[in-house]
Protein chains: 2
Amino acid sequence: MEKPPGSEIEIFRDFIKKKGLRYTPEREVILREIFNIHDHFDVDELYLRLRNKGHRISKASIYRTLPLLIECGLVQEVYHEDGHMHYEHIYGHEPHAHFRCLSCRRVEEFRDERLEEVAREYAERYGVEIKMTRFEILGYCSSCRGEEG
Amino acid sequence: MEKPPGSEIEIFRDFIKKKGLRYTPEREVILREIFNIHDHFDVDELYLRLRNKGHRISKASIYRTLPLLIECGLVQEVYHEDGHMHYEHIYGHEPHAHFRCLSCRRVEEFRDERLEEVAREYAERYGVEIKMTRFEILGYCSSCRGEEG
DNA sequence: TAAACTATTGAAACAAAATTTCAATAAGGT
DNA sequence: ACCTTATTGAAATTTTGTTTCAATAGTTTA
Ligand SMILES: [Mn+2]
Ligand SMILES: [Mn+2]
Ligand SMILES: [Zn+2]
Ligand SMILES: [Zn+2]
């Protein structure tokens with residue numbers, strides 16, 4: 001049941017402790033479920049998955065836990081669509097950008113090191129400290145292009 | 001009163017006509033005001049500016065018009081913050097990315113041609129049609145860094 | 001281990017953002 | 001001028017996200 005050192009569990013527990021907060025079962029269950037989802041997700045989907053597994057975690061707790069997971073770098077806001085935010089776990093994954101089709105809504109991930117380079121150089125030049133970066137391409141995928149007009 | 005060809009007004013009118021919609025005073029007033037705002041804005045700010053100038057445009061009309069302006073490429077969603085979307089007009093401006101300070105909330109714009117290059121190459125490789133791109137750096141500006149912990 | 005302290009929880013109330021409804025209006029075509 | 005029908009404002013509604021509060025349960029202290 002114990003996760004090895006350096007795992008998301010340990011990172012989260014250390015973060016919680018360091019902030020003087022309490023490491024609760026609810027917080028751990030939310031974290032575990034998020035790392036079971038290997039896709040982008042929203043609050044409602046996460047909530048339903050937890051319920052379907054028999055957990056009685058309130059949405060309020062999810063809304064309270066997400067900012068903590070983001071603050072400690074395990075989770076990111078990916079994009080805002082259909083009036084609500086979509087998230088993904090990022091710990092253990094390489095940084096990546098997203099292409100979103102405006103027609104079929106498919107989301108593709110891709111990696112390009114030049115993006116990190118751009119961010120790194122900006123940080124260097126202006127003396128800012130980077131917490132995260134986000135690069136999105138919105139458009140029409142190869143199947144959907146041509147249908148817009 | 002007439003704007004020269006190629007102006008945002010003309011582009012919008014042509015777009016509206018081509019879609020078989022109607023070019024109304026409300027739509028034009030909203031468009032004009034958006035191009036008077038030389039900054040990022042949200043719906044409430046736009047609404048209040050219109051009211052202060054004596055226009056009686058409803059928020060519903062603003063919410064209805066924004067997607068049209070986005071669809072024809074005059075306006076973009078810039079970022080989602082404080083629970084609502086922020087926009088900017090983009091016609092007539094070079095593409096640019098944003099740095100946002102998580103502490104003081106300042107937003108800085110910068111330009112880097114490598115970003116367009118990355119998008120262009122992705123589009124080429126995967127046969128997608130680009131509608132827009134967005135690059136954001138979130139972090140702490142030089143004044144705010146060090147205060148987070 | 002018992003007691004004290006206080007952060008966290010779920011449920012419900014609340015607030016805010018965005019969408020929809022609907023009757024009145026007005027754009028644009030004939 | 002007349003007709004058709006898209007658009008409007010206002011209000012109702014829906015959805016997202018936050019706050020309140022009493023009960024609970026981590027964590028510390030002795
Ligand atoms: Mn992703
Ligand atoms: Mn900008
Ligand atoms: Zn598609
Ligand atoms: Zn700052």
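Every heavy atom of this structure was used, including side-chain atoms; hydrogens, water molecules and symmetry mates were not. So that the names make sense, note that chain A is the first sequence line, chain B the second, and so on, each numbered from 1. This one's a predicted model, so the numbers in the text were calculated from it and none came from an experiment.
Residues B/Tyr23 and B/Glu28 have side chains that bring a donor and an acceptor to within less than 3.5 angstrom of each other. For the residue pair A/Glu88 / A/His40, a side-chain donor-acceptor distance below 3.5 Å is found, with atom types taken as modelled.
Remark: B/Tyr63 is not in phosphate contact with C/dT19, judged by side-chain N or O atoms under 4.0 Å from OP1 or OP2. OP1 and OP2 of C/dA7 both lie 4.0 Å or more from every side-chain N or O belonging to A/Lys19.
For the pair B/Glu45 CD and C/dA17 C1', the interatomic distance rounds to 16 Å; values are reported in whole Å. Distance, A/Arg56 CZ to C/dA11 P: 8 Å, rounded to whole Å. We find that CD of B/Glu81 is positioned 15 Å from C1' of C/dA17, with the value rounded to whole Å. Summarising the geometry, the separation between CG on A/Leu31 and C1' on C/dT8 is reported as 17 Å, rounded to the nearest angstrom. The CG-C1' distance, from B/Leu21 to C/dA27, rounds to 12 Å in whole Å. Atom-to-atom, NZ of B/Lys17 to C1' of C/dG28 comes out at 7 Å; the value is rounded to the nearest Å. The CD1 atom of B/Ile62 sits 13 Å away from the P atom of C/dA17 (whole-angstrom rounding).
A search for ring-ring contact (aromatic ring centres under 6.0 Å, His included) contacts involving B/Tyr126 returns B/Tyr122, not counting sequence neighbours. Partners of A/Phe135 by ring-ring contact (aromatic ring centres under 6.0 Å, His included), not counting sequence neighbours, listed by chain and number: B/Phe135. By the ring-ring contact (aromatic ring centres under 6.0 Å, His included) test, A/His55 is found to be paired with no residue, residues two or more places apart in sequence or in another chain being considered.
When hydrophobic side chains of Ile, Leu, Val, Met, Phe, Trp and Tyr are connected at separations under 4.5 Å, B/Ile90 ends up as a singleton with no cluster partners.
Chain A approaches DNA chain D within less than 4.0 angstrom (heavy atoms of the protein), and the contacting nucleotides run 5' to 3' from D/dT16 to D/dT27.
With the nearest nucleotide of DNA chain C identified for both A/Thr65 and B/Lys59, A/Thr65 has the one nearer the 5' end. If B/Thr24 and B/Val43 are placed on DNA chain C by their nearest nucleotide, the residue sitting closer to the 5' end is B/Val43.
Ring geometry, B/His80 versus A/His80: the interplanar angle falls under 30°, so the pair is classed parallel (tilted spans 30 to 60°). Between A/His93 and A/His89, the ring planes are tilted. Angles from 30° to 60° get that label.
For the segment residues 83-90 of chain A, the set of residues with a heavy atom within less than 4.0 Å of an atom of DNA chain D comprises A/Gly83, A/His84, A/Met85, in numerical order.
By the 4.0 Å N-to-carboxylate-O rule, A/Lys17 lies too far from A/Glu10 to be salt-bridged with it.
Nucleic acid contact class of B/Arg64 (heavy atoms, under 4.0 Å, all strands): base.
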